[in-house]
Amino acid sequence: GSGGRRARQLDEKPSAAAATTPFKAGARTDMVRVLLILLSLYTLPSMALERVESHTDMARIYHQQSVLLTITADDKLDVSALDIRPLFKNFIVGELKFAELSRNGRFFSQWQIPLLPLQPGQQQIPDLTVAGLHSQAIRLQVLEGVPPETVPQVVDVSLDRLELWPGQVALYRLKISQPAGIQIDSVTPPTQEAARIQQIGDDLIGNEIVGGKRIRTLLRTYAISLSQPGRYLLEGPVVQGQRLSTSGNRPFLQQGSQLSVQIEALSLQQPPELISENFTLEAHWQAANGPHKVGDPLLRVITMKAIGNTLDQLPMIELPEFAGVRSYADGQSQSEVVQHGKLVAERTIRQAFIPQQAGTLTFPPLIIRWWNSQSQRLEAAELTIPP
């Protein structure tokens with residue numbers, strides 16, 4: 001029964017007959033049963049979940065503006081008691097904040113969730129399940145256009161090119177501004193299921209003067225490539241932060257603009273080993289000039305440098321094998337940086353050769369076929385080493 005019925009049972013007074021009946025051996029079973037009932041009532045929780053309420057801090061927002069959803073349950077629950085999965089259909093869901101509250105001797109559980117609508121127009125925040133009970137659904141009007149200036153836009157994104165060849169890299173730049181009164185908590189990368197996306201280098205922290213005020217900025221660069229022709233949409237990064245106020249901080253979400261990129265078809269019978277703006281291949285012997293002797297190591301140093309490529313796109317150079325020669329890889333060094341607005345990948349590998357018998361050691365030429373994205377033609381980088 002309910003807690004109210006249990007309370008009435010405890011307040012009831014025994015009848016006169018029950019009060020005057022002496023204790024006998026035959027009544028022992030009834031007394032034990034009464035004690036067990038009283039014990040079970042004592043150990044039950046003093047309250048149970050009866051109400052779940054939901055509300056938002058705003059009923060009308062702009063498409064690039066977030067709303068804060070608050071769910072409150074009148075019982076002490078675990079954070080996992082709330083099922084937020086229905087929210088992902090129409091909203092970007094921020095980091096959930098959970099708290100246990102106490103008021104007038106009663107416990108409450110509260111969830112606060114920043115939401116960013118995926119589409120403008122009339123939206124509805126669905127009812128959510130909390131330990132078997134449902135919250136109210138909430139209507140939300142999402143307006144076209146940009147939020148007023150009172151809502152600072154902190155996210156700016158750009159691509160250095162919008163048309164690419166398969167496997168070619170575009171530099172995606174993310175800039176985050178942090179004006180006074182804004183705290184940035186987390187930033188997600190841009191997303192596209194078919195794309196390979198990786199951050200290049202470390203974040204660059206700087207300052208700008210805007211409207212006579214100094215604003216802290218963060219610059220982050222990603223390398224983005226796609227392997228199949230077609231048109232793709234890149235979803236912008238999502239920034240979560242807080243608007244600081246003496247009356248209480250308010251969490252917010254913002255997302256960078258959606259960008260479109262076109263991957264052109266490359267009509268070649270045999271795909272090249274590399275697509276690059278520029279590719280160079282060089283080599284030299286690190287050992288001193290001859291004469292060379294049996295048993296002395298010869299160290300060949302090969303350097304590859306590509307503009308507009310990541311390190312993992314550089315071709316592999318296998319170690320050649322010779323009869324009567326012991327050979328092994330002697331390590332490598334590499335770098336991947338942005339120089340003058342271009343991504344530059346450079347790798348230097350070392351190969352050691354130890355002749356076991358006298359004679360002439362002749363190396364086969366090293367040829368790498370690559371597509372020049374600037375001139376749009378197939379080229380070959382050839383490396384020939386004298387015997």
Side-chain angles (χ1 to χ4, degrees), residues 2-3 43-119 123-142 147 150-152 154-155 176 178 181-189 191 218 235-256:
S2 68
T43 56
L44 285 173
S46 59
M47 59 179 293
L49 177 62
E50 296 180 354
R51 178 181 296 180
V52 175
E53 297 180 347
S54 63
H55 69 271
T56 58
D57 59 344
M58 292 182 292
R60 297 177 60 194
I61 60 174
Y62 285 86
H63 184 208
Q64 289 299 318
Q65 191 176 4
S66 64
V67 64
L68 183 62
L69 171 65
T70 300
I71 306 289
T72 304
D74 64 344
D75 196 2
K76 189 174 183 180
L77 302 172
D78 188 77
V79 61
S80 60
L82 171 65
D83 183 5
I84 65 172
R85 288 175 295 179
L87 295 174
F88 289 94
K89 182 178 179 181
N90 296 314
F91 298 91
I92 294 174
V93 181
E95 184 178 352
L96 181 150
K97 182 179 179 182
F98 176 74
E100 292 180 352
L101 309 176
S102 176
R103 187 166 57 246
N104 298 328
R106 299 189 66 181
F107 290 101
F108 297 84
S109 301
Q110 187 178 85
W111 296 261
Q112 289 189 321
I113 313 165
L115 301 176
L116 188 63
L118 293 175
Q119 301 292 336
Q123 302 289 339
Q124 178 171 282
I125 299 175
D127 60 287
L128 301 178
T129 304
V130 180
L133 293 185
H134 290 268
S135 66
Q136 311 96 306
I138 301 175
R139 291 187 176 275
L140 184 66
Q141 186 177 4
V142 183
T150 54
V151 181
V154 302
V155 190
I176 298 177
Q178 188 176 352
I182 293 294
Q183 175 181 306
I184 304 299
D185 295 328
S186 63
V187 183
T188 69
T191 56
L218 178 146
E235 298 293 342
V238 177
V239 175
Q240 177 158 336
Q242 299 183 61
R243 300 184 67 182
L244 308 179
S245 172
T246 55
S247 59
N249 300 342
R250 178 191 180 276
F252 72 90
L253 292 176
Q254 282 189 17
Q255 185 177 29

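Quick note: residue numbers are just sequence positions, from 1. Computed from a predicted model, the values in this text were never measured in an experiment.
Across all their heavy atoms, Pro126 and Leu87 have their closest contact at CD-CD2, 4.0 Å. The heavy-atom pair separating Asp127 from Ser135 by the smallest distance is CB-O, 2.9 Å. Between Val142 and Gln123 the shortest heavy-atom distance is CG2-CG, 3.6 Å. The shortest non-hydrogen separation linking Gln240 to Gly94 is OE1-CA, 3.2 Å.
Atom CG of Asn249 and atom CD1 of Ile182 lie 10.0 Å apart (nearest 0.5 Å). Of the inter-residue distances, the one linking Phe107 atom CZ with Asp75 atom CG reads 10.0 Å to the nearest 0.5 angstrom. The CG atom of Leu118 lies 8.0 Å from the CZ atom of Phe91; values are rounded to the nearest 0.5 Å. Glu235 CD to Ile92 CD1: the interatomic distance, rounded to the nearest 0.5 Å, is 7.5 Å.
With hydrogens and angles ignored, the 3.5 Å screen pairs no side-chain donor or acceptor of Thr72 with any backbone N or O of Gln110. Counting only distance, with no hydrogens or angles, the side chain of Ser109 and the backbone of Ala73 share no donor-acceptor pair below 3.5 Å. Panel note: side chain Gln254, backbone Val154; a donor-acceptor pair is recorded below 3.5 Å. No donor-acceptor distance shorter than 3.5 angstrom exists from the side chain of Gln242 to the backbone of Gln183, with no hydrogens or angles considered.
Residues Leu69 and Ile138 form a side-chain contact, since some pair of their non-hydrogen atoms from C-beta on lies under 4.5 Å apart. Counting heavy atoms from C-beta on, the side chains of Gln112 and Leu68 come closer than 4.5 Å. Residues Leu218 and Ile184 are not in side-chain contact: their nearest non-hydrogen atoms beyond the backbone lie 4.5 Å or more apart. The shortest distance between side-chain heavy atoms of Leu77 and Phe98 does not fall below 4.5 Å. Residues Ile71 and Ile84 are not in side-chain contact: their nearest non-hydrogen atoms beyond the backbone lie 4.5 Å or more apart. Annotation: side chain of Ile61 is not in contact with side chain of Ser66 (no heavy-atom distance under 4.5 Å). Leu253 places none of its side-chain heavy atoms less than 4.5 Å from the side chain of Gln255. Side-chain contact between Ile113 and Leu82: present, with at least one pair of heavy atoms (C-beta onward) separated by less than 4.5 Å.
By the neighbour-count criterion of 12 heavy atoms within 6.0 Å, atom CD of Glu95 is sparsely surrounded, having that number or fewer from other residues, nucleotides or ligands.
Checked against salt bridge (charged side-chain N to carboxylate O under 4.0 Å, His left out), Asp57 has the following partners two or more places apart in sequence or in another chain: Arg250. A search for salt bridge (charged side-chain N to carboxylate O under 4.0 Å, His left out) contacts involving Arg85 returns Asp83, not counting sequence neighbours.
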**Asked** So Asp74 and Leu49, side-chain contact (heavy atoms from CB on, under 4.5 Å) or not? Walk me through it.
**Response** CA-CA 6 Å; Asp74 64 344; Leu49 177 62; 3.3 Å; yes
**Stepwise side-chain contact (heavy atoms from CB on, under 4.5 Å) test for Leu115 and Val93** = CA-CA 5 Å; Leu115 301 176; Val93 181; 4.0 Å; yes
